[in-house]
2 protein chains.
Amino acid sequence: MSAEINDLTQALRDAGLRATQQRMTLLSVLMNSADHPNADELFVRTRAIDDSVSLATVYRTLSALEEAGLIRRLSFENESARYEITPTADHDHLVDIDTGEVIELANEEINHLREELARRMGYEIVSHHTMIRARKSQK
Amino acid sequence: MSAEINDLTQALRDAGLRATQQRMTLLSVLMNSADHPNADELFVRTRAIDDSVSLATVYRTLSALEEAGLIRRLSFENESARYEITPTADHDHLVDIDTGEVIELANEEINHLREELARRMGYEIVSHHTMIRARKSQK
DNA sequence: CTTCGTGCAAAATGTTTGCATAAGC
DNA sequence: GCTTATGCAAACATTTTGCACGAAG
């Protein structure tokens, strides 16, 4: 556990950020979240651990961590931004429109096709995101 | 031109909506927009033609038209919602991160892969959207 | 001890809504 | 005429910011 704390401290320092209590707490909360929480949910979960954290700090920390590449901001339709720890393998998201559940999709073929497509148009992909809204098939 | 107006009237009626001046103007503005404007841009362009249109009506009309399937709402990162006339062929979007330009991408292979992927997980795609942020390749 | 981060409250942004009036059919 | 749509202004939700204080290095 203190090993984890050192890891967080190091990760923040490497990103040129001070390892404050609030940032460490927020980062650990996000690491332990299996879902993709938004700022408000992160505020609630972080507060449960350290009640000194303010919503403003949650927002500022999220921006800083995103800029540092430690976390990823996701834009879903009609929703506030959600976040996840930066994934090692590129993946997309499928949202179950009935339950709201978010499923991660990984597919190398699609990634390659996408890059190829961009290259043909003279572009280099910086980032991408696919969001599929779907419903469980009948039967 | 009056043929166009009749088309718009018909399209709105078919959607179960009254063919008001404001809706016809907004719809024609969007049809004549090569880009993907947001509510505010549509408000400005619509006002240039009919200065009685209010921003509230722009929002209400956009929601109504989207629900009717006549237009499509696009969510880009860190941006307000943008709109386009519902495309006949499914396509995705590439955003040039330096210029902000939005390019439409159509690729059957990716569409098929995506459907196949969803099917394997027991889902039926309702809608999907891919947004690629990219930069022009050097040389 | 200097710089950077934080809490608080206020502001800014994008979008929605209640209500009385106006327009569509 | 009856119903739906509109304009206006106020409300809302989310995110950002100014400022004085506190903590990190």
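In what follows, every chain begins at residue 1, and chains take the letters A, B, ... in the order their sequences are listed.
- B/I97 belongs to a hydrophobic cluster whose remaining members, ordered by chain and number, are A/V126; membership requires side-chain heavy atoms of ILVMFWY residues under 4.5 Å apart, directly or through intermediates.
- Spacing between atom CG of A/N78 and atom C1' of D/dA13 amounts to 13 Å, rounded to whole angstrom units.
- Non-hydrogen atoms lying under 4.0 Å from DNA chain C are contributed by B/L55, B/A56, B/Y59, B/R60, all within residues 54-65 of chain B.
- For the pair B/I103/B/D96, no side-chain contact is recorded, criterion being any heavy-atom separation below 4.5 Å from C-beta on.
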Check nucleotides 23-25 of chain C for protein N or O atoms closer than 3.5 Å to its own N or O atoms and list the pairs.
{"from": "C/dG24", "atom 1": "N2", "to": "B/R18", "atom 2": "NH2", "distance (Å)": "2.9"}
{"from": "C/dG24", "atom 1": "N3", "to": "B/R18", "atom 2": "NH1", "distance (Å)": "3.2"}
{"from": "C/dC25", "atom 1": "OP1", "to": "B/R13", "atom 2": "NE", "distance (Å)": "3.1"}
{"from": "C/dC25", "atom 1": "OP1", "to": "B/A19", "atom 2": "N", "distance (Å)": "2.9"}
{"from": "C/dC25", "atom 1": "OP2", "to": "B/R13", "atom 2": "NH2", "distance (Å)": "3.1"}

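- In summary, the side chains of B/H128 and B/E115 do not present any donor paired with an acceptor at a separation below 3.5 Å, with no hydrogens or angles considered.
- Hydrophobic clustering (side-chain heavy atoms under 4.5 Å, transitive across Ile, Leu, Val, Met, Phe, Trp, Tyr) keeps B/L105 apart from B/M131.
- With 3.5 Å as the limit, one finds a donor-acceptor pair spanning the side chains of B/R114 and B/T130.
- B/P87 approaches B/H91 most closely through the heavy-atom pair CB-CE1, 3.4 Å.
- Clustering ILVMFWY residues whenever any of their side-chain heavy atoms sit less than 4.5 angstrom apart, transitively, puts B/V102 in a cluster other than the one holding A/L117.
- Here the P atom of nucleotide D/dG22 and the CG atom of A/D50 are 16 Å apart, to the nearest Å.
- Counting heavy atoms from C-beta on, the side chains of A/S75 and A/H129 never come closer than 4.5 Å.
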